[in-house]
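First up is the structure itself, then whatever we jot down about it.
Residue numbering restarts at 1 for every chain, and letters A, B, ... go by the order of the sequence lines.
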Number of protein chains: 2
Amino acid sequence: MAAPKPIRTRRKMQRVTIMDVAARAELSPSTVSLYFRKPDAVSAAASEAIARAIDALDYVPNLMAGGLAAASSRVVSIIVPSVRNAFFAETVAALQDELGKQRLQVMLSHTEYKEHDEENLVRTALSWAPAAVVLTGLSHSAATRRLLRDSKVPIVEIWELGSTTMDMAVGFHHDQVGQTAASHLIQRGRKRLLFLGARLHEDRRAARRAEGFLETARNAPGVTADIIQHPAPASAEVGGMLLNEAVHRFPDVNGIACSNDHIALGVIFECQRLGIAIPERLSVVGFGDLSFSAAANPSLTTIRPPGDLIGKEAARLIIARILNSDAQPKQAVIDTRFSLLHRQSS
Amino acid sequence: MAAPKPIRTRRKMQRVTIMDVAARAELSPSTVSLYFRKPDAVSAAASEAIARAIDALDYVPNLMAGGLAAASSRVVSIIVPSVRNAFFAETVAALQDELGKQRLQVMLSHTEYKEHDEENLVRTALSWAPAAVVLTGLSHSAATRRLLRDSKVPIVEIWELGSTTMDMAVGFHHDQVGQTAASHLIQRGRKRLLFLGARLHEDRRAARRAEGFLETARNAPGVTADIIQHPAPASAEVGGMLLNEAVHRFPDVNGIACSNDHIALGVIFECQRLGIAIPERLSVVGFGDLSFSAAANPSLTTIRPPGDLIGKEAARLIIARILNSDAQPKQAVIDTRFSLLHRQSS
DNA sequence: GATTAGAATAATAGCGCTATTATGTAGCCG
DNA sequence: CGGCTACATAATAGCGCTATTATTCTAATC
């Protein structure tokens, strides 16, 4: 007489699995799986039976099991400096919209401008065997680069263009933004220029805009230019403080470019308080074209970065790469440019 | 003579697995797994050997395999109306900071205020066996509720409080915001009040603020109040348009509450253009205390919702629930309140 | 020094799904 | 009408990890 077989293992589990669906539809699990992955390969009758079973059982697929079996997931990992920042929020939103259409999920992380955190975030991102990784900017640690290269995952670097690219990139040249701002102010007859910047020590892209600005301004005959900066994140309050410092240190200033529109808005308000006429006595150029810029008084001349387009193009590259996964991956660099919106403030 | 055994299956795989690490450290995979999950249970010598092996091999754990085996993941799924919206961006950032400390990953989705999309997003979220789900607001479809209830996953509803809660909630009462704005204007001696709102048909929380405003205003003796709205999302531009409509339709208006600070900013700019003195002829109250509100000219009286605190508290509840997963889950409702910041505009 | 609790490590058995291969079944041709 | 292709479905064998159970190995006790 055999000893009663003891129940040995007890495992947690999903309530409804693909096996339950298959049983109810009187088909094999393989066919149900196929129904999800390649619906066209399943007959109409089978499809209907499966759909009914799914509905009746309220089946929710387990994407972790699927991803493990397929050795890949439908997750796209996005790492931005900050979600609080309207620029990146716009790009993230666009990415999510476009990727969502292909049933790709967004996993979001932010570095809060601490670049050395990026490696950990990338490591965690790769733990999910993502379909692609989106990074902000071009400067990444050697370890981060190695991790990503070894993983063979498609990479898109966004919001900045430069000389090197890991895989794909979508963005624009920030030094050109600074150059454009300077050129515009000079064209408006301004000779004493300032760049007001926030957090330039951490925000490399803003720093590059400042450099481009200075370069163009100092190469122009009869024009002088300087940078005034503040370590805090950009805000209207910081903009007001910077404007005060500007008129104190450089009373003859007549052209100002700001690292972004928050700063510029602060400048506008502070000039109203100080009775400095814009644009008569002082021309102001911003960066960002934020939601308030066109409605400001005076309306703000600004340089608009195509945050939305960056997201859309990045998504397009990712999707193209995924659909063409057998083909030789080819590098892609998309320069989205930017546009100067000339309004009342200059 | 046996036929040569043909190679049958070929599978994609991770380059370095926990088995490789174990082999290199001359330990079993179990011990390596333990090293990750309960480091204290592994001897110092073993820990060191494992750490060395991980480093040498550049091992990246596969969280999908881990999640599948453990029947749970370290993902927290967050569903907000819009990441473009500074309010939610702040909360998402705070959540991410706090959850990140516990090695919990954020998976983000947005509905763009289309409530009927929420069910699909929740379904996808649940496919990852998340450790928790965070939803915005209290109104969810019956199917969404059922999905979530059946999943037994901890739920936190944020940014709104009301009579019912699915599981846990962190937020405040939006009708009280409207009441506070109205009371404040009345206290400042204003009798002809307006609420300027954007997208009230989709943004239920803004609509509730409007209701609260109207209720309090109309219950006050000698006070009249109306709502003017615009279907577009809130922006300074819309604010300017609404102010124009306001002074046209109600020339005697002397107190305005706005559905948020973008609207209020537009009102301020438009009043500057029209020569309407704030606060002498018109008092303005906003909602949000956005980055520009304190720096505006005049500085904007506004009601500050604690977006950051909401994120922190939500994270706290989630972490507490996860750490106490064996205990009876207990409902929790946290009223974060909000605060009126009295500045120059009223 | 035999006994044993406790700590550390190892073996075992899947988690739920997909990719691959195998099988069955029509449809078509010479 | 045998044989072949194309299509639909099923069987098979894991993906890389964790939870459980089993086995050591140490250290403490009498």
Practice task
Examine the side chains of S141(A) and T144(A) and answer whether a donor and an acceptor come within less than 3.5 Å of each other.
Solution key: yes

Exercise for the section: Output all residues satisfying side-chain hydrogen bond (donor to acceptor under 3.5 Å, both in side chains) with D308(A), sequence neighbours left out; order by chain, then residue number. Expected result: K312(A)

Exercise for the section: Rounded off to whole Å, could you give me the CG-to-P distance for the L68(B) and dA13(C) pair? Expected result: 18 Å

Problem - Between P of dC17(C) and CZ of R74(A), the distance in whole Å - result: 16 Å

Handout entry: Contacting residues from residues 52-62 of chain A, given that a heavy atom lies under 4.0 angstrom of DNA chain C
Key = Y59(A), P61(A), N62(A)

Fill in the blank from the handout: Numerically ordered, the residues 18-46 of chain B set in heavy-atom contact under 4.0 Å with DNA chain C is L27(B), S28(B), S30(B), T31(B), L34(B), V42(B), S43(B), A46(B)

Fill in the blank from the handout: For K38(A), the side-chain hydrogen bond (donor to acceptor under 3.5 Å, both in side chains) test, sequence neighbours excluded, returns none

Completion exercise
Residues passing the ring pair (Phe, Tyr, Trp, His ring centres under 6.0 Å) test with W159(A), sequence neighbours excluded, are F87(A), F88(A), F172(A)

Practice task
Would you please name every residue forming a side-chain hydrogen bond (donor to acceptor under 3.5 Å, both in side chains) with R204(B), sequence neighbours left out?
Solution key: E115(B)

Identify all side-chain donor-acceptor contacts of residues 63-79 of chain A below 3.5 Å with residues at least two apart in sequence or on another chain.
{"unit_1": "S73(A)", "atom_1": "OG", "unit_2": "V75(A)", "atom_2": "N", "d": "3.3"}
{"unit_1": "S73(A)", "atom_1": "OG", "unit_2": "W128(A)", "atom_2": "O", "d": "3.0"}
{"unit_1": "S73(A)", "atom_1": "OG", "unit_2": "A129(A)", "atom_2": "O", "d": "2.9"}
{"unit_1": "R74(A)", "atom_1": "NE", "unit_2": "R103(A)", "atom_2": "O", "d": "3.2"}
{"unit_1": "R74(A)", "atom_1": "NH2", "unit_2": "Q102(A)", "atom_2": "O", "d": "2.5"}

Please table the atom pairs, donor to acceptor, closer than 3.5 Å between any side-chain atom in residues 146-154 of chain B and protein atoms at least two apart or in another chain.
{"unit_1": "R146(B)", "atom_1": "NH1", "unit_2": "D58(A)", "atom_2": "OD2", "d": "2.2"}
{"unit_1": "S151(B)", "atom_1": "OG", "unit_2": "L148(B)", "atom_2": "O", "d": "2.7"}
{"unit_1": "S151(B)", "atom_1": "OG", "unit_2": "V153(B)", "atom_2": "N", "d": "3.2"}

Handout entry: By salt bridge (Lys or Arg N to Asp or Glu O under 4.0 Å) - contacts of E119(B) (at least two apart)
Key = R123(B)

Problem - Qualifying residues under side-chain hydrogen bond (donor to acceptor under 3.5 Å, both in side chains), relative to Q105(A), sequence neighbours excluded - result: none

Practice task
Taking side chain to side chain contact (heavy atoms under 4.5 Å, CB included) as the test, write out the residues that go with L138(A), two or more places apart.
Solution key: E157(A), E160(A)

Could you pull out the protein-nucleic contacts involving nucleotides 24-28 of chain D (nitrogen or oxygen on both sides, under 3.5 Å)?
none

